[in-house]
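Heavy atoms only: backbone and side chains are in, while hydrogens, waters and symmetry mates are out.
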There are 2 protein chains.
Amino acid sequence: MHSKLFKHINKNIPHYSILDIQNIQDYFEYKKIKKKEFFLIQGSVCSYGAFVLNGCFRNYIISIEGKEVNTQFSFENWWIGDIGSFVNRTPSKINVQALENAELLTISTKNYAALMERSACFNEYTSKLRSSAHLSAVLRLSDLSENAITQYKMMLEKFPKIEQRISQKHIASFLQITPEALSRLKKQN
Amino acid sequence: MHSKLFKHINKNIPHYSILDIQNIQDYFEYKKIKKKEFFLIQGSVCSYGAFVLNGCFRNYIISIEGKEVNTQFSFENWWIGDIGSFVNRTPSKINVQALENAELLTISTKNYAALMERSACFNEYTSKLRSSAHLSAVLRLSDLSENAITQYKMMLEKFPKIEQRISQKHIASFLQITPEALSRLKKQN
DNA sequence: GAAAACACTTGATCTATGTTAAGAGTTTCG
DNA sequence: CGAAACTCTTAACATAGATCAAGTGTTTTC
């Protein structure tokens, strides 16, 4: 099994033995995706979940007024996709785009369902990931009530290296300010 | 089984027969909670999930700068609690407070685990609810990028009767503006 | 049933961020 | 390799919403 995924599962559910995790690998497929390509486009059904081996992605939503709003960045050792769309086979409302050339371990709906049925360990692992993703989104809702400077500092504390990997334009969209405002804000502080 | 919960399950997973749903009721307990009381306080572990029979609740988070930020309102036929805290027995980061006297069907961690193990139907039902709750939070992230008037109109479209049940102060907190700003905004439009 | 606490409105003023525009530097691509 | 397309910065000006303050009406509480 690819050691990154193995370690990630083990870290999240340490009470399972290595043997339980072992054969999970067979359900995944290795794939590459190039910078700027889309992993998921709104309106389409999410047919794969994917674990990010390296590279990074942005999730974004087109707002009512037509703006692209970045809601999340995903780096190594995180999952991308839209679990609701994936499981229920409904059109997704989010876009997931690679911001760097990336390597993924993907899993199809079919293999996911099979794993969920056979592996208590995978069940628990995905349940944790879902809680954690949901909580992140909810906590971001309250972060957005802070002014831009506070939010910017909080983001840097959480991801100290983010500016080396994500363009200012995309960080600004995440903070829900204009690139101009971010530029000014960085100069001041 | 209380018909409201029954109907809600049936509506979400119509492909299961009535018999599958029938005995789910035994795992729940009826409870009342009064206006202003807390269902969940941040820092404590969420020991019950609950289906709202009637009444309403607000979820809120204390922001870094000490403001209460409402992240969600929950009415009849919705679930309250913090699934991450509930399942992993970790301290919650959110507060859930009743805004009206309310009636609930609660389920303990133990009964939840038992139901999850025995009922494929309950499994699928809760999976759907989780997707839906997560998606709502993510979509709200992009809504917050709109100006206050647009957001206010969107909210009224989604919950036309919200102003009869939720005070302006709490709606303002949800929209992440001050009560004064909301008051002005309503006069204009 | 009166006092206290709270909810909402309105006005004046202030400030953070948006908008528009222009220029310099960097990356992409045929 | 060079043109075109981006990215970031800076400045001037505009504006949505915050803050502070005061007044009225409503609800809660003892």
>> Whole angstroms only, please: what is the CG-P distance between L182(A) and dT19(C)?
In response: 15 Å
> Using a cut-off of less than 4.0 Å, is there contact between a side-chain N or O of K186(B) and OP1 or OP2 of dC8(C)?
Replying inline: no
>> Determine whether K31(B) and E103(B) satisfy the following criterion, salt bridge (Lys or Arg N to Asp or Glu O under 4.0 Å), listing intermediate values before the conclusion.
In response: CA-CA 6 Å; K31(B) 276 187 192 165; E103(B) 293 177 286; over 6 Å; no
> Which is it for R165(A) and E76(A) under the salt bridge (Lys or Arg N to Asp or Glu O under 4.0 Å) test, yes or no, and what are the steps along the way?
Replying inline: CA-CA 12 Å; R165(A) 297 186 66 181; E76(A) 300 68 40; 2.9 Å; yes
> For the pair made of CG in L185(B) and C1' in dT10(C), what is the distance, rounded to whole Å?
Replying inline: 15 Å
>> Using the side-chain hydrogen bond (donor to acceptor under 3.5 Å, both in side chains) definition, which of the options N95(B), N70(B), T71(B) pairs with R58(B)?
In response: N70(B)
>> Taking 4.0 Å as the cut-off, does a side-chain nitrogen or oxygen of K187(B) come that near to OP1 or OP2 on dT9(C)?
In response: no
> Passes salt bridge (Lys or Arg N to Asp or Glu O under 4.0 Å), E65(B) versus K153(A)? Steps please.
Replying inline: CA-CA 13 Å; E65(B) 285 169 353; K153(A) 286 179 182 165; over 6 Å; no
> What is the distance from CD of E65(B) to C1' of dT19(D), rounded to the nearest Å?
Replying inline: 14 Å
>> Using OP1 and OP2 only, check whether a side-chain N or O of Q176(A) sits under 4.0 Å from dT17(C).
In response: no
>> Could you tell me how far apart Y152(B) (OH) and dA16(D) (C1') are, to the nearest whole angstrom?
In response: 17 Å
> What is the distance from CD1 of I171(B) to C1' of dC8(C), rounded to the nearest Å?
Replying inline: 13 Å
> Side-chain N or O of T178(B) less than 4.0 angstrom from OP1 or OP2 on dA18(D)?
Replying inline: yes
> In whole angstroms, how far is the P atom of dT15(D) from the CZ atom of R184(B)?
Replying inline: 17 Å
> Among the nucleotides dT9(C), dC8(D), dA18(D), which one has an atom lying closest to any side-chain atom of Q168(B)?
Replying inline: dT9(C)
>> Nearest to the A181(B) side chain among dT7(D), dA7(C), dA18(D), which nucleotide is it?
In response: dA18(D)
> Should Q188(B) be listed as having a side-chain N or O under 4.0 Å from OP1 or OP2 of dA16(D)?
Replying inline: no
> Of all the nucleotides listed (dC8(D), dG17(D), dT17(C)), which has the minimum atom distance to the side chain of N147(A)?
Replying inline: dT17(C)
> Looking at five pairs on each end of the helix from dG1(C)-dC30(D) to dG30(C)-dC1(D), what is the angle between the two axes, given to 10 degrees?
Replying inline: 60°
> Rounded to the nearest Å, what distance is computed from the CD atom of residue E146(B) to the C1' atom of nucleotide dA16(D)?
Replying inline: 14 Å
> So what does K35(B) hit on the nucleic acid, given a heavy-atom distance under 4.0 Å: a base, only sugar-phosphate, or nothing?
Replying inline: sugar-phosphate
>> Checking L129(A) against W78(A) for the side chain to side chain contact (heavy atoms under 4.5 Å, CB included) test, could you report, in this order, the C-alpha distance in whole Å, the side-chain angles of both residues, the deciding distance, and whether it holds?
In response: CA-CA 9 Å; L129(A) 295 183; W78(A) 193 237; 3.9 Å; yes
>> Against I149(B), only a single residue in K186(B), Q188(B), M154(B) fulfils side-chain contact (heavy atoms from CB on, under 4.5 Å); can you say which?
In response: Q188(B)
> Between dT10(C), dC8(D), dA7(C), which nucleotide has the shortest distance from any of its atoms to the side chain of K169(A)?
Replying inline: dC8(D)
>> If I take atom NZ in residue K36(A) and atom C1' in nucleotide dT28(C), what distance separates them, rounded to the nearest angstrom?
In response: 7 Å
> Does a side chain donor of either Q42(A) or S44(A) reach within less than 3.5 Å of an acceptor in the other side chain?
Replying inline: no
>> My understanding is that only one of F122(A), Y125(A), Y27(A) makes a ring-ring contact (aromatic ring centres under 6.0 Å, His included) with Y112(A); could you say which?
In response: F122(A)
> Hey, which of these two, E180(A) or A148(A), hits DNA chain C nearer its 5' end, going by closest nucleotide?
Replying inline: A148(A)
